[in-house]
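Below is one structure, written out as structure tokens, with a few remarks after it.
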Amino acid sequence: MAGEKIDIETIKAMLNLSDEDLVKPLPIPTRWSQPFWDASKEHRLVLKKCSACGYIDHPPYLYCTNCHADEHEWVEASGKATLASYAINTFGVPFPFWVDLPYVVAMIDLPEGPRMISNIVECDHDKLENGMELEVVFDDVTDEITLPKWRPVDKTKRG
Amino acid sequence: MGAGDFAVIGTGEVPTGNYPERSEFEIAYEVSRMAIRDAGIDKNEIGAVLTAGHIMSNPDNDYNTEMFFGRLPEAIGANGCSVVATTISGGASSFSIRKTAEGILESGETDTVLVVHAQRFSQFTANEQARYFAVAGSDVEWEVPYGMTYNSLAAIVTTGYMAYTGATIEQVAAVCVACRKWAMLQPNAMFNNKEITVEKVVNARMVSYPLTTLMCNVLGDGGSAYIMTTAENARKVCDRPVYVLGEASEYSHRTITRSVQKDPGKMGDDLAVTAKRAYENSSLGPEDMNIFEIYGSYPVISLIVMDSLGIPDERPSGELVLAGETGPGGKYPVSTNGEAMSFGHTGTGVGFSTFVESVRQLQGRAGAAQVEGAKFLVENCGGGAFMDCHFTVMGNEVPG
Ligand SMILES: [Zn+2]
């Protein structure tokens, strides 16, 4: 899945893009999601667990989507997951992401229950397989924001 | 309310494509006038004007604001209008606005409602469109920072669907080929002058594996309108009314990660429950349907919706499509206007063009795309990141 390399400077000139157009969008934490991003910055993966029914919500919301209780705690996740399904973006993505092409966006299943969208990194795209085992890695994209991403547990599947 | 209480008596539609000089207001005005003329009614009989909110507004001349502040009834001289409203729920707007129309009719405020959609994407730059669609289909906090796009969302579902059902990429591509064949018969379709083949679709430039450019819909400007009335009034004023015979809806999620159905390959199983309710409400079944007017937006969604509709054939959906059974002349016509894939994706309007095409087919006025003797069909739409699904059984007679 090599794909052709695209020179972002050419695109920039062609479409008259500003530097600002090439800045990647970052999560803007909310009052109820801040603990997730704070932990991520410390390279810890945490999840919001309802104190009343034990349900884990991701994305976290103001109250438990299972029982409506407000009380909750943040629990440490195992950092393991499996690949539910994926796509390999090769073209036509928002301009800030052109430098990353080709890259994998995937739906990840956590053993704790929830599912998340993330990138599979450090992987051989030809060896991606639904159901494969993954482990979390942390990408410090700015001083403030760290994005949890995933890579294959099996070293022979790493790119 | 029973089956067949409401009917559509006239439609209007402009060509889909890139028309930067054609404003949304101009589209709305034009399709309204066409629908009024087509229905053969006096404009003053219109008691309610409903417009679909469009997406990507131009802040300097906001069509949405003009519409919900009442520009259209004045412009078309609808002197009997007492209700103005805008309804929007993304790709499901065509359904939610029709429910609004049905509610107004049921309330007794009026017996004639004009429903309108208009969209003009081409006024925005490629970058503006890319930015909007980076956030429209995906969650800004949890998905967009990872470079998620609408195309990757559909690709993720396609990967899952193929793994679960054994559908091949050629079958997925065949959906695009069938859509193009229908669009070739449609004067208002965006892509109606160049045939495509499975081979060409599969070998087109990869966008988001496993989807190529020809497996992704293209945005276009467009619009349509229709006149809805009570069945009782319809029989008086129209010689070929189209009745709403049964409906059913389901909502699942905002972000795809929270879909009620966890296996992206099994989404059709969930939709089947809703489709069954729509059939039951109409007292008809899939074997009675002459056409399946599906709003796919991506080929995999067409296959998933086909799976849910109980098409009376043992062959899986992908095989039916590859065998040409869903295209012109096939046993099970699907998406006879070419839908988002070839008719063009007009934002909140894809469901409108599907609905308007359904009416044309049942009125026997679908031109070169006419399915001979079409009497009953099932129509569907849905919005968001495949957040919901709505099915409507329609017919040009009310089954006794
Ligand atoms: Zn709870």
Side-chain angles (χ1 to χ4, degrees), chain A residues 1 3-4 11 14-18 21-22 24-30 33 36-37 57-60 65 83-98 100-109 114-120 125 128-131 139 141 145 147-149, chain B residues 125-164 204-213 215-216 218 253-259 261-267 298 300 385:
Chain A
M1 206 49 58
E4 65 207 90
I11 301 291
M14 211 165 72
L15 294 166
N16 198 19
L17 303 180
S18 67
D21 289 331
L22 298 177
K24 281 188 180 156
L26 291 173
I28 299 168
T30 56
S33 68
F36 179 95
W37 297 112
D57 263 309
H58 188 83
T65 63
L83 176 56
S85 193
Y86 66 95
I88 307 169
N89 283 349
T90 55
F91 181 64
V93 297
F95 295 114
F97 291 94
W98 281 49
D100 297 335
L101 292 173
Y103 63 90
V104 182
V105 284
M107 206 149 65
I108 315 292
D109 278 333
R115 174 170 262 195
M116 53 177 73
I117 294 291
S118 187
N119 299 128
I120 312 292
H125 290 181
L128 284 165
E129 208 179 339
N130 291 355
D139 185 355
V141 290
I145 291 290
L147 296 175
K149 297 182 176 178
Chain B
T125 64
N127 189 30
E128 285 170 332
Q129 292 187 31
R131 274 186 174 191
Y132 179 83
F133 281 92
V135 298
S138 310
D139 185 290
V140 286
E141 183 173 4
W142 305 100
E143 298 178 357
V144 172
Y146 292 99
M148 179 79 160
T149 64
Y150 244 129
N151 291 338
S152 19
L153 169 67
I156 286 171
V157 175
T158 307
T159 311
Y161 180 81
M162 287 167 51
Y164 174 65
R205 183 178 200 160
M206 192 61 74
V207 172
S208 184
Y209 173 86
L211 304 184
T212 65
T213 45
M215 297 177 196
C216 299
V218 177
H253 57 269
R254 163 63 174 121
T255 60
I256 191 71
T257 54
R258 293 182 60 107
S259 166
Q261 172 54 261
K262 288 294 165 204
D263 188 334
K266 294 184 190 170
M267 282 160 65
Y298 286 95
V300 69

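Within every chain, numbering begins at 1; the chains are lettered A, B, ... in the order of the sequence lines, protein sequences first and strands thereafter.
For A:D109, the side chain to side chain contact (heavy atoms under 4.5 Å, CB included) test picks out A:T82, A:A84, A:R115, with sequence neighbours left out. Take A:L22 and apply the side chain to side chain contact (heavy atoms under 4.5 Å, CB included) test, not counting sequence neighbours, and it matches A:I8, A:K12, A:L17, A:F95.
With chain A as partner, the option from B:D139, B:N151, B:V207, B:T125 having the largest number of non-hydrogen pairs under 4.5 angstrom is B:V207. Contact count against chain A (heavy-atom pairs under 4.5 Å) is highest for B:R258 among B:K262, B:R258, B:E143. Contact count against chain B (heavy-atom pairs under 4.5 Å) is highest for A:N130 among A:V104, A:V141, A:N130. Between chain B and the residues A:P96, A:G92, A:P94, the most heavy-atom pairs under 4.5 angstrom are made by A:P94.
Across A:P25 and B:V144, no two heavy atoms sit closer than the pair CG-CG1, 3.5 Å. Closest of all the heavy-atom pairs between A:P29 and B:E141 is CA-OE2, 3.6 Å. The shortest non-hydrogen separation linking B:G147 to A:N89 is O-ND2, 3.2 Å.
Distance check, rounded to the nearest 0.5 Å: CD1 of A:I117 to CE of B:M148 gives 4.0 Å. Rounded to the nearest 0.5 Å, atoms OG1 (B:T255) and CE (A:M116) are 11.0 Å apart. Between atom CE of residue A:M107 and atom CG of residue B:L153 there is a gap of 8.5 Å, rounded to the nearest 0.5 Å.
In this structure a side-chain-to-backbone donor-acceptor pair under 3.5 Å is present from A:S85 to B:I156. With A:T90 contributing its side chain and B:M206 its backbone, the two residues share a donor-acceptor pair below 3.5 Å.
Residues B:V140 and A:I28 fail the side-chain proximity criterion, which asks for heavy atoms closer than 4.5 Å. Between B:Y146 and A:P148 there is a side-chain heavy-atom pair separated by less than 4.5 Å. Within the 4.5 Å cutoff, no side-chain heavy atoms of B:T257 are placed close to those of A:P114.
When heavy atoms are compared at a cutoff of 4.5 Å, A:D139 does not approach chain B at all. Both the backbone and the side chain of A:N119 come within less than 4.5 Å of a heavy atom of chain B. The contact between A:L26 and chain B is made entirely by backbone atoms, counting heavy-atom distances below 4.5 Å. With a threshold of 4.5 angstrom between heavy atoms, A:Y86 approaches chain B through its backbone and through its side chain.
Using cut-offs of 30° and 60° on the angle between ring planes, the pair A:W37 and B:W142 is parallel.
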